[in-house]
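Okay, so here's the structure we're looking at.
Within every chain, numbering begins at 1; the chains are lettered A, B, ... in the order of the sequence lines, protein sequences first and strands thereafter. Computed from a predicted model, the values in this text were never measured in an experiment.
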Amino acid sequence: MSELTLVQAVNLALRRALEDDPSVVVFGQDVGRHGGVFRATEGLQQHFGSRRVLDTPLAETMIGGLAIGMAAQGLKPVCEIQFLGFLYPVLDNLANHAARMRTRTQGRIACPMVLRVTHGGGVHAPEHHSESIESMIAHIPGLRVVIPSSPRKAYGLLLAAIRDPDPVVFLEPTRLYRLLKENVEDSGQSWPLDRCDVLKEGSDLTLVSWGAMLTEVMEAAGVLAERGISAEIVDLITLKPYDAETILRSVQKTGRCVIVHEAARTAGFGAEIAATLAEHAMTALLAPVERVTGYDVVMPLPRLEREYMPSVARILKACRRALAWK
Amino acid sequence: MSELTLVQAVNLALRRALEDDPSVVVFGQDVGRHGGVFRATEGLQQHFGSRRVLDTPLAETMIGGLAIGMAAQGLKPVCEIQFLGFLYPVLDNLANHAARMRTRTQGRIACPMVLRVTHGGGVHAPEHHSESIESMIAHIPGLRVVIPSSPRKAYGLLLAAIRDPDPVVFLEPTRLYRLLKENVEDSGQSWPLDRCDVLKEGSDLTLVSWGAMLTEVMEAAGVLAERGISAEIVDLITLKPYDAETILRSVQKTGRCVIVHEAARTAGFGAEIAATLAEHAMTALLAPVERVTGYDVVMPLPRLEREYMPSVARILKACRRALAWK
Amino acid sequence: MPASVADSDRIVAQFEVRYRQFLDEEGSPLAPLPDFCRDVDLMLSIYRGMHLARAFDAKCVNLQRTGRLGTFATSLGQEAIAVGVASAMRASDILVPSYREAGAQIWRGCRMEELLLYWGGDERGHAFADPAVTQDFPISITVANHALHAAGVAAAMKLKAEDRAAVCLFGDGATSKGDVYEAINVAGVWQLPLIFMIVNNQWAISTPLERQTAALTLAQKGIAGGLSVLQVDGNDVIAVRDAMMEALDAARRGAGASLIEGVTYRLNDHNTADDSSRYRNLEEVKARWRFCPLRRMRAFLESRAAWSEKRELAMQAEIASLIDSAADRYLATAPPLPDQMFAHTYARLPAGLMAQRVEALGRAHE
Amino acid sequence: MPASVADSDRIVAQFEVRYRQFLDEEGSPLAPLPDFCRDVDLMLSIYRGMHLARAFDAKCVNLQRTGRLGTFATSLGQEAIAVGVASAMRASDILVPSYREAGAQIWRGCRMEELLLYWGGDERGHAFADPAVTQDFPISITVANHALHAAGVAAAMKLKAEDRAAVCLFGDGATSKGDVYEAINVAGVWQLPLIFMIVNNQWAISTPLERQTAALTLAQKGIAGGLSVLQVDGNDVIAVRDAMMEALDAARRGAGASLIEGVTYRLNDHNTADDSSRYRNLEEVKARWRFCPLRRMRAFLESRAAWSEKRELAMQAEIASLIDSAADRYLATAPPLPDQMFAHTYARLPAGLMAQRVEALGRAHE
Ligand SMILES: Cc1ncc(C[n+]2csc(CCOP(=O)(O)OP(=O)(O)O)c2C)c(N)n1
Ligand SMILES: Cc1ncc(C[n+]2csc(CCOP(=O)(O)OP(=O)(O)O)c2C)c(N)n1
Ligand SMILES: [Mg+2]
Ligand SMILES: [Mg+2]
């Protein structure tokens with residue numbers, strides 16, 4: 001058991017998977033000798049050799065395409081796309097092939113691959129390095145989309161993703177990479193996919209979020225607690241397939257829901273959650289659902305990124321509106 | 001004024017735009033001599049020459065990329081991607097460049113381009129030819145996403161899209177291409193973007209849909225009318241930016257809303273509409289919002305596509321549920 | 001190529017593209033034939049394979065015209081590439097085809113009723129039952145994507161140190177897509193056991209080769225990735241097979257990937273939804289019939305006294321009956337159940353999808 | 001290349017890649033120099049341009065290290081390509097750069113404070129004010145996408161029958177992406193007035209060239225699209241400029257697109273967030289300093305008695321003061337207002353966004 005950052009937990013899970021399963025192959029740009037631009041794969045090539053951990057040429061479409069072919073041949077490709085802004089070219093292979101290989105061959109060929117990508121902004125990164133397009137990916141049938149919010153979850157979820165027989169897009173919140181340490185046991189234990197995690201129980205209001213935004217959400221809940229308001233916090237964890245049950249159960253209890261995400265509002269994943277509530281929680285809702293999201297503008301360069309991303313103040317404002325509703 | 005199919009109306013609008021604006025350039029795979037795989041560009045190269053109407057090599061990424069460069073140089077590229085399943089590779093250029101060129105240069109360079117793509121299934125087309133991923137595109141800030149549901153709208157909206165100073169993805173419902181004829185006047189008159197169209201006024205229930213699914217929605221409304229139920233039908237027309245006002249106004253009136261789309265449910269554009277209702281129409285809603293959508297499965301090959309797509313029966317069932325709610 | 005080099009310049013790399021052909025259009029050898037040509041049974045089965053491909057193709061078109069099949073991409077005139085390629089492969093190799101290689105798929109073990117089922121609009125057609133092809137890739141409708149899948153397959157073979165190779169076919173149009181180039185590049189730098197066969201049939205729907213690229217040959221696309229490249233007469237099945245054997249041998253030896261351009265011609269419309277008279281001169285097509293690969297091979301076999309009109313007729317009858325019974329089996333296949341949409345979306349149906357499945361199945365029983 | 005060709009094979013295409021160099025590392029001519037070398041003022045301004053690029057680069061690194069700039073991609077050692085390219089272009093041509101060509105951008109008229117503003121994380125840095133560059137493309141952080149934008153720019157020029165050309169720069173790593181290939185291919189088949197300059201600095205972050213491709217040269221990537229190709233010594237600014245002039249001339253003459261590989265070396269880390277000692281031998285880097293393009297040009301100028309230590313010092317002082325005042329202007333720029341996010345998302349703010357804008361601006365005033 002050791003105190004690890006999220007990126008170290010990712011590294012540990014990769015190490016464990018490479019150790020346990022000879023079919024696991026890790027590849028991507030700069031993941032080998034360099035150990036990845038964020039050091040997520042640090043030391044892996046040195047330890048497992050360059051047949052298990054491979055540097056690729058600079059071509060994202062290729063990375064996705066290779067993974068599909070490798071997976072069809074019984075390997076477990078675990079590949080890295082350096083930033084979510086560079087995932088777009090991979091969507092073709094993800095949607096047209098990875099996600100549908102199993103069904104279009106009626107189970108003859110499967111596509112157990114994991115695509116790791118950093119997610120989100122707030123780290124003063126260059127243009128295109130701060131995207132959060134999870135809802136686009138989560139729209140694709142046949143995929144899984146997972147996003148951890150802590151080192152322990154990162155470890156367990158990544159193992160689960162690697163062991164899953166279907167293609168998984170694994171989003172790693174860049175802002176959390178080195179923000180916090182947590183005790184992570186290298187137990188080989190995976191964390192269940194497809195299930196939300198109630199981070200904090202509460203009775204007055206449900207806060208739903210995922211990834212790095214949970215930092216602000218937790219902080220907002222703290223402020224609310226000082227004011228005697230008890231917020232329940234749900235970490236979505238898996239966007240696809242997604243666990244509506246847990247959220248519905250929470251909102252049945254609290255009657256109020258604020259959804260927080262960094263991605264642009266329109267057709268963001270918050271819409272799906274709000275829609276689920278509109279369909280299945282009408283009688284329970286005591287106030288309109290609130291979404292606190294990035295604006296429908298291009299993610300700005302670093303100087304304005306904090307203005308773009310939901311702040312604790314904006315979350316609190318939405319909470320206040322939801323709580324004020326009688 | 002003549003009776004035109006939707007695809008003929010598209011052709012007429014292209015012709016008109018080429019005529020009126022020398023900066024308009026039409027290009028794509030097989031759009032030249034052949035006139036397009038659906039004949040949308042029939043006769044254009046013959047009439048306007050091969051400097052205005054160009055066949056491209058077979059490369060979708062390239063089509064999107066060329067358009068961006070041309071637009072930056074003052075042309076008005078109007079390009080065609082043959083099927084929505086082949087749009088994925090273009091998302092990179094759409095999201096990372098077309099949609100953000102204006103903001104990343106603070107207005108110095110704009111990207112007035114139109115990308116025409118066929119949309120949806122139900123025509124027994126081969127694999128990958130029946131997709132409906134409009135919500136993925138509508139998530140991208142800086143783009144416009146438009147989908148006509150009739151020949152007249154196709155004509156007016158395409159002209160509006162071409163005249164718009166920003167990048168527009170123009171979805172053409174394949175199923176409607178030759179389904180109906182309508183009198184279309186070559187007036188040069190554009191149809192307003194960003195505004196829903198209330199196809200039919202009603203008082204008991206609001207049906208929201210877009211593109212080819214409006215066929216089933218209209219039919220369902222007819223059945224309801226026979227039963228004395230008055231449904232209001234809203235044709236969304238523009239998914240991005242989207243006109244929430246009209247839908248809210250309708251639901252304020254009817255108190256019930258059924259959203260119908262062909263795309264997979266999770267994170268489909270129906271979610272955005274339902275979310276808007278959950279946020280802004282809570283007090284008006286007399287029943288939970290209903291979504292009738294494609295399932296969260298890969299669009300099946302033709303033999304099962306009708307099982308996948310929302311049927312009149314499924315729409316009516318949802319309407320019944322919404323109407324039954326007290 | 002200018003003869004003189006300026007003082008400031010020196011030549012640092014040189015490349016060439018060779019063209020391989022053994023038989024002329026009349027079936028007469030232009031060069032000493034490869035050893036495998038001495039195997040008469042093989043020659044006959046190759047000839048039969050091409051005929052089977054052609055007859056199956058005609059059947060598909062017929063079924064489509066009579067409303068019993070979906071849109072179908074015909075391969076008329078391209079049979080030598082399909083059969084030349086497939087006959088050079090081992091069962092353990094993997095075929096990653098586009099949508100116009102029924103001849104290769106059937107040779108390898110795909111059942112004709114499976115292919116019919118696929119083109120009939122049913123995923124079950126891709127659940128290839130024959131053990132020889134269970135690892136072969138499904139038909140790729142998306143142009144060019146599968147080149148990278150083939151690279152992934154070959155990468156797996158290489159990482160597992162297997163004695164196998166992947167073979168990927170795609171068209172002249174496909175060579176314009178970045179996917180193909182990225183596949184070529186990685187095949188080169190990773191020295192993959194992979195053969196790309198470009199089926200240059202001169203047309204991509206309505207786009208002729210000269211509007212697709214300014215490259216003198218398509219084979220030279222491989223130079224960009226440092227591959228071994230070759231152009232072959234794609235209507236000469238002996239040349240195709242010979243080039244493939246050489247390339248497969250290199251792949252298995254660890255000598256890396258090859259790119260072969262097979263020069264052929266699409267004698268039919270792009271597919272059954274196409275009318276090529278809109279963009280292509282009928283005279284051009286007529287002139288190409290002279291290069292028909294079947295005609296050429298028949299002449300060759302006859303010149304070796306290995307064939308006769310009688311055997312030809314017998315073979316055609318045998319093939320027709322095979323195809324008819326496959327078509328019968330296809331037509332007798334029970335329609336797919338709606339559950340088929342859900343069954344393989346994931347390995348295990350997620351909870352949210354279960355509810356949708358119930359709705360869908362309920363609906364089906366309405 | 002094997003000398004003999006089998007009977008079955010004939011050569012149908014041949015290609016070569018030439019390497020161009022005028023000055024050796026010590027600045028001595030290896031071949032008769034191009035005419036423009038007689039223009040001493042031009043030579044001096046090219047030399048100054050390279051120094052300016054280097055000094056600006058150092059300033060950026062310094063500002064980043066002291067927390068006053070975001071992550072920055074340095075171009076140390078690559079100045080000859082930037083300046084060789086830019087100096088060959090006309091103002092009316094269009095530059096489509098990657099993220100490592102400040103030297104070219106400044107030469108053409110981008111203000112240093114603009115570039116600083118961009119790297120400082122502010123979109124206003126891309127609103128180039130100088131009329132000479134208002135049509136130039138912004139810095140492309142996404143590797144390779146911009147190659148197709150450049151093709152689009154060139155296509156517009158060609159369709160409008162203008163006497164202009166587009167110039168696009170990208171790295172060795174970028175050549176692995178399909179975008180670059182698709183751009184090469186369309187540039188060839190549409191005969192676009194376009195020059196691709198590959199800045200082969202041997203590294204793509206930690207990936208050395210030999211793990212990027214098996215191609216012997218990067219210039220040969222152009223063969224796949226039928227382009228004119230050339231490799232130049234990218235540290236010899238005379239060779240770069242000469243090759244560019246030739247290519248631009250061909251483009252303007254309607255003779256189509258060219259691809260030039262400039263062979264250089266990235267002397268610094270990938271960017272300020274990178275530590276190249278993790279993957280690259282320091283000895284290798286040291287050895288490359290010998291090929292420094294500034295050193296070479298200085299020796300050349302000195303050999304022509306056109307330069308002296310005194311002039312060098314004066315030039316450096318002049319450059320330093322220019323850069324300092326640009327940095328001062330950058331640092332004095334008022335911070336961006338939140339409205340900046342909304343102002344140019346669309347030409348006219350849509351209704352839905354107006355509400356969001358109100359929320360954002362309200363928040364800013366909280
Ligand atoms: C990515 C993609 N774009 C477009 C299409 C539509 N389409 C189908 S076949 C075809 C032409 C393919 O030409 P080629 O590669 O030469 O193969 P051929 O059809 O001649 O066998 C096109 C454009 C497609 N299937 N996939
Ligand atoms: C599409 C894309 N993928 C990955 C990255 C991350 N990245 C930034 S620079 C770089 C290496 C580029 O190498 P090269 O093309 O040789 O240019 P250089 O940096 O050497 O100038 C990578 C992988 C990116 N910016 N864009
Ligand atoms: Mg073809
Ligand atoms: Mg480089």
Which one of A:R102, A:M101, A:M113 satisfies the side-chain contact (heavy atoms from CB on, under 4.5 Å) criterion with A:P167? A:M113

Spatial distance of atom [atom1] ([X]) from atom [atom2] ([Y]) [nearest 0.5 Å]:
{"X": "A:L304", "Y": "A:M299", "atom1": "CG", "atom2": "CE", "result": "10.0 Å"}
{"X": "B:W210", "Y": "B:E262", "atom1": "CH2", "atom2": "CD", "result": "10.5 Å"}
{"X": "A:W325", "Y": "A:L323", "atom1": "CH2", "atom2": "CG", "result": "13.0 Å"}
{"X": "B:D296", "Y": "A:H139", "atom1": "CG", "atom2": "NE2", "result": "8.0 Å"}
{"X": "A:H261", "Y": "A:S132", "atom1": "NE2", "atom2": "OG", "result": "8.5 Å"}
{"X": "B:I140", "Y": "B:L94", "atom1": "CD1", "atom2": "CG", "result": "6.0 Å"}

Residue selection (most heavy-atom pairs with chain B, distance under 4.5 Å) from [options]:
{"options": "A:G294, A:C257, A:A95", "value": "A:A95"}
{"options": "A:H280, A:R265, A:E127", "value": "A:E127"}
{"options": "A:L91, A:N96, A:I273, A:L285", "value": "A:N96"}
{"options": "A:E279, A:R104, A:E290", "value": "A:E279"}
{"options": "A:I137, A:T266, A:V289", "value": "A:T266"}

Please list, in residue-number order, every residue in residues 57-67 of chain B that has a heavy atom less than 4.5 Å from any heavy atom of chain A; write 'none' if there are none. none

Listed by residue number, which members of residues 237-256 of chain B have a heavy atom under 4.5 Å from any heavy atom of chain A? B:K240

Among B:A264, B:A263, B:A274, B:G270, which residue forms the greatest number of heavy-atom pairs with chain A at distances under 4.5 Å? B:A264

In terms of heavy-atom pairs under 4.5 Å with chain A, which of B:S135, B:A99, B:P288 leads?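 Most pairs with chain A among the choices: B:P288.
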
Show the nearest heavy-atom pair for residues [X] and [Y], with the distance to one decimal.
{"X": "A:D164", "Y": "A:P112", "result": "O-CB, 3.8 Å"}
{"X": "A:R144", "Y": "A:L193", "result": "CD-CD1, 3.9 Å"}
{"X": "B:C319", "Y": "B:L205", "result": "SG-CD2, 3.6 Å"}
{"X": "B:A271", "Y": "A:E272", "result": "CB-OE1, 3.5 Å"}
{"X": "B:P310", "Y": "B:R314", "result": "CA-NH1, 3.6 Å"}
{"X": "A:C111", "Y": "A:A98", "result": "CB-O, 3.6 Å"}

Select one option (side chain, backbone, both, neither) describing which atoms of [X] are under 4.5 Å from chain A's heavy atoms.
{"X": "B:A281", "answer": "neither"}
{"X": "B:T103", "answer": "side chain"}
{"X": "B:M136", "answer": "both"}
{"X": "B:L143", "answer": "neither"}

When only heavy atoms count and the cut-off is under 4.5 Å, which of residues 81-90 of chain A reach chain B? A:G85, A:Y88, A:P89

Is the closest side-chain heavy-atom distance between B:P300 and B:E307 below 4.5 Å?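 No; the side chains remain at least 4.5 Å from each other.
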
Are A:R320 and A:V258 packed together at the side-chain level, in the sense that at least one heavy-atom pair is separated by less than 4.5 angstrom?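 Answer no - side chains too far apart.
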
Closer than 3.5 angstrom, by distance alone: can the side chain of A:S209 be matched with the main-chain N or O of A:V260 as a donor-acceptor pair? yes

Test your reading of the model: is there a side-chain donor-acceptor pair from B:E305 to the backbone of B:G122, 3.5 Å cut-off?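 Yes: the side chain of B:E305 pairs with the backbone of B:G122.
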
Residue pairs fulfilling salt bridge (charged side-chain N to carboxylate O under 4.0 Å, His left out) with at least one residue in residues 130-142 of chain A, sequence neighbours excluded: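 Only A:E131-B:R100 qualify under salt bridge (charged side-chain N to carboxylate O under 4.0 Å, His left out).
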
